[in-house]
Asker: 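This is the structure I want to talk about, given as structure tokens.
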Amino acid sequence: VDTEEEQPIEGLLARRALRLRENLGAGFAPPQGQVFRLSAGVPDPATFPLEELSKAFRAVLLQEGDQALQYGGPYGYPGLRDILAKWISEREGLPLSAENLMITNGSSQALDSACFAFLNPDDLVIAENPTFPLSLRTVYAHDARVFGLSLDEDGPDVGKLEMVLKKADREGERVKLLYFTPNFQNPTGITFPLERRQAILDLASRYGCIIVEDDAYGELRYEAEAVPSFFSLAGGRGVIKLGTFSKTIGPGLRLGWVLAAPKLIQAMAALRTDMGTSPLLSHVVAAYMADGHFQQHLKDNISFYRGKRDLFLSLLAEHFEGVANWRAPEGGFFVWLELPSEADELVAEEALKEGVMVSPGFRFFSQDAKHIYLRLAFSFIHFDHMETAVARLARVARKLLSAS
Ligand SMILES: Cc1ncc(COP(=O)(O)O)c(C=O)c1O
């Protein structure tokens with residue numbers, strides 16, 4: 001039923017709804033036949049721990065069903081917060097407790113909660129440019145503005161960050177939130193080194209900004225030592241860190257968390273309007289973690305995705321030599337391919353006709369969109385299909401780029 005014809009909704013929609021509707025983009029027509037997806041930053045279903053989760057479901061329903069099927073409150077199931085606090089304390093090197101955590105419907109909702117608690121309409125948020133478009137949508141959904149900081153190979157331009165903060169300060173504007181993805185950034189795969197993190201943190205503390213640290217991929221590191229997080233470097237002060245089970249277990253759980261000082265957690269919890277995150281799923285994941293499965297699963301995932309990354313990089317070297325540039329990511333799901341000229345949409349469209357789906361890079365920019373990048377995800381595509389997909393994509397790119 002389409003009631004819009006009877007009552008046009010244009011005059012009813014909030015400004016943010018109109019803006020986000022325009023922001024959705026045209027997208028491509030769904031392709032016919034088999035499609036190799038290098039577009040989606042999602043896990044390979046071969047990694048889903050189906051057996052262990054079904055056992056945990058059964059145990060939870062039979063042993064804890066009376067609690068697990070009730071409402072759980074805005075902070076989320078204390079059992080999961082306890083177990084997460086213990087695990088994260090070890091990783092961050094800080095003594096954390098359940099009071100430092102709120103369970104959310106994925107880290108997307110964790111960012112939404114931070115925006116809800118700290119942003120007024122028209123507030124300015126500083127983020128990487130390019131960045132994850134759904135995070136931009138979340139900020140825009142709060143009627144806030146985004147300034148996108150360009151990136152070099154080590155992350156955001158700190159000089160520019162200082163300039164923007166200084167200018168805002170001069171004009172009497174308080175920048176409250178800085179949104180960064182310092183590990184294996186989506187879409188570039190960049191990891192900020194320690195010095196860059198420290199410089200950003202110094203500026204954030206000088207200007208009284210909260211850093212929102214999105215660490216959706218942080219656990220999936222395939223080489224080298226982990227760099228201390230903003231949260232850890234700041235001793236947990238002035239940083240809101242977002243975490244998720246989406247990349248390590250599965251996004252269908254819609255289970256994530258926000259880690260921060262208790263005062264900040266309380267401010268975000270006070271604004272929950274959704275009656276909390278599923279207690280049932282939270283109990284199940286807590287039981288799964290308590291049995292030690294998660295730790296083993298992470299180890300297995302790291303070696304699985306390291307294998308995928310390595311094969312993908314060797315295929316890029318074989319097929320894209322002399323056509324494009326890229327850097328090997330130390331973890332996460334993405335390679336950011338730089339083309340010699342502006343052809344991201346054209347290559348993406350033509351590749352789709354050949355059954356290969358990629359994300360044109362312009363979609364990841366909040367301003368000054370560049371059209372010379374493709375974001376390639378190696379996480380989802382089956383090992384056996386990688387060679388065909390990369391070879392087809394390279395053939396399309398070579399043809400279009402030599403013609404332009
Ligand atoms: C940088 C980043 N943050 C957050 C998310 C969303 O995660 P979740 O499923 O936990 O909401 C993604 C998913 O692609 C992501 O790439």
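Below, each value reflects all heavy atoms present in this structure, side chains not excepted, and no hydrogens, waters or symmetry copies.
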Asker: Please determine if K308 and D310 form a salt bridge, counting it only when a charged side-chain N lies under 4.0 Å from a carboxylate O.
Answerer: no
Asker: Looking at K55 and E52, is there a salt bridge between them, counting it only when a charged N and a carboxylate O are closer than 4.0 Å?
Answerer: no
Asker: Are E171 and K166 close enough for a salt bridge, meaning some N to O gap below 4.0 Å?
Answerer: no
Asker: Quick test of your reading of the model: are E223 and R306 salt-bridged, counting only N-O distances below 4.0 Å?
Answerer: no
Asker: Once you measure the plane-to-plane angle for F362 and H371, does it fall in the parallel (<30°), tilted (30-60°) or perpendicular (>60°) bin?
Answerer: parallel
Asker: If you measure from OG on S282 to CH2 on W257, what distance do you get to the nearest 0.5 Å?
Answerer: 11.5 Å
Asker: Check the pair T181, E128 against side chain to side chain contact (heavy atoms under 4.5 Å, CB included), reporting the backbone distance first and the verdict last.
Answerer: CA-CA 8 Å; T181 312; E128 298 128 344; 3.7 Å; yes
Asker: Per the ring-ring contact (aromatic ring centres under 6.0 Å, His included) rule, which among F378, F184, F132, Y217 passes with F334?
Answerer: Y217
Asker: Is R392 salt-bridged to E387, cutoff N-O under 4.0 Å?
Answerer: no
Asker: Does R58, at its CZ atom, have more than 12 non-hydrogen atoms belonging to other residues, nucleotides or ligands within less than 6.0 Å?
Answerer: no
Asker: Under 3.5 Å, is there a donor-acceptor pair linking the side chains of D112 and H142?
Answerer: yes
Asker: Is the gap between the ring centers of F304 and Y222 under 6.0 Å?
Answerer: no
Asker: Measure across E321 and W326 and return the closest heavy-atom pair with its distance rounded to 0.1 Å.
Answerer: N-CH2, 4.5 Å
Asker: Can the ring centres of F294 and F245 be said to be less than 6.0 Å apart?
Answerer: yes
Asker: So, N100 and R81: side-chain donor and acceptor under 3.5 Å apart, yes or no?
Answerer: no
Asker: Taking only Lys NZ, Arg NE, NH1 and NH2, and the carboxylate oxygens of Asp or Glu, determine whether R15 and D143 approach each other closer than 4.0 Å.
Answerer: yes
Asker: Restricting to non-hydrogen atoms, name the atom on N129 and the atom on F364 that form the minimum distance, rounded to 0.1 Å.
Answerer: OD1-O, 4.3 Å
Asker: Between the side chains of S135 and Y179, does any donor sit under 3.5 Å from an acceptor?
Answerer: yes
Asker: Taking only Lys NZ, Arg NE, NH1 and NH2, and the carboxylate oxygens of Asp or Glu, determine whether R206 and E162 approach each other closer than 4.0 Å.
Answerer: yes
Asker: Hey, are E173 and K167 close enough for a salt bridge, meaning a charged N less than 4.0 Å from a carboxylate O?
Answerer: no
Asker: Does atom CD (Q367) have a neighbourhood of more than 12 heavy atoms from anything else shown, all under 6.0 Å?
Answerer: yes
Asker: Below 4.0 angstrom, N of the basic side chain to O of the carboxylate: do D152 and R196 qualify?
Answerer: yes
